[in-house]
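A short worksheet on the structure shown next.
Every heavy atom of this structure was used, including side-chain atoms; hydrogens, water molecules and symmetry mates were not.
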Amino acid sequence: HAQALRLRVDREPVAMTTLDALAARHGLSAYDAAYLELALRRALPLATLDEALQKAMTGAGVARAELKGPVSQTLYKRRSIDPMRDASGS
C-alpha cells in the first residue's frame, strides 16, 4: 500500500533511548517521539493536529506541513481549528 500512496518506508534502526530522550524533553509519547525523530533525521515537515506534537515540533525546529484538500477540511472542522488563522500563527 505504501507504494500506491508514494510513501517510502524508513527502515533505519533508532535506539529506544533516543526516542525516550525526545519524549522526555518534549513531553511526548514514544509514538509521537518516533515521528519527531524521523522528521529531525530526514529534515522533513510533519502534518499533525496534535497540540503537544506541534509544540514539540516548534521547540525542535521541525516545520509543519500544510494539510490540504477535503480530508483536511473535515479534520479542521472536527477539531474546531481555523486553518487560515492556524497557518498564520495568530
Side-chain angles (χ1 to χ4, degrees):
H1 294 25
Q3 200 171 26
L5 295 173
R6 298 177 53 195
L7 298 176
R8 291 187 311 179
V9 176
D10 184 297
R11 298 187 189 281
E12 189 172 327
V14 177
M16 194 62 200
T17 54
T18 300
L19 297 180
D20 188 49
L22 272 175
R25 184 177 311 127
H26 297 287
L28 298 173
S29 67
Y31 181 85
D32 285 344
Y35 281 106
L36 185 62
E37 187 281 330
L38 179 63
L40 287 165
R41 184 166 35 89
R42 295 285 186 174
L44 295 170
L46 285 177
T48 184
L49 295 176
D50 183 272
E51 291 179 16
L53 186 51
Q54 287 178 11
K55 184 177 177 183
M57 289 164 52
T58 300
V62 171
R64 183 171 174 207
E66 288 296 317
L67 297 174
K68 297 180 180 179
V71 171
S72 67
Q73 293 305 316
T74 300
L75 289 172
Y76 281 124
K77 286 177 187 173
R78 194 174 300 158
R79 291 286 203 104
S80 299
I81 294 173
D82 178 351
M84 299 311 291
R85 179 188 58 101
D86 193 49
S88 69
S90 54

Passes side chain to side chain contact (heavy atoms under 4.5 Å, CB included), R41 versus D10? Steps please. CA-CA 11 Å; R41 184 166 35 89; D10 184 297; 3.0 Å; yes
Which pair of non-hydrogen atoms, one from [X] and one from [Y], has the smallest distance, and what is that distance?
| X | Y | value |
| --- | --- | --- |
| T18 | E37 | CG2-CG, 4.2 Å |
| A60 | L36 | CB-CD1, 4.1 Å |
| A33 | L22 | O-CD1, 3.9 Å |
| L46 | A39 | CG-CB, 3.7 Å |
| D50 | L53 | OD1-N, 2.7 Å |
| E12 | R42 | OE1-NH2, 4.3 Å |

Is there a chain of hydrophobic side chains (I, L, V, M, F, W, Y, each step under 4.5 Å between heavy atoms) that links L38 to L28?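 No, L38 does not connect to L28 through the hydrophobic network.
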Single-linkage hydrophobic cluster, 4.5 Å side-chain cutoff, Y31 and L49 together: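 Looking at the clustering, L49 is in a separate group from Y31.
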Measure the CG-CE distance between L19 and M16 for me, rounded to the nearest 0.5 Å.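 If we round to the nearest 0.5 Å, L19:CG and M16:CE are 5.5 Å apart.
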Separation between CZ of R64 and CE of M57, rounded to the nearest 0.5 Å: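 Going from CZ on R64 over to CE on M57, the span is 7.0 Å.
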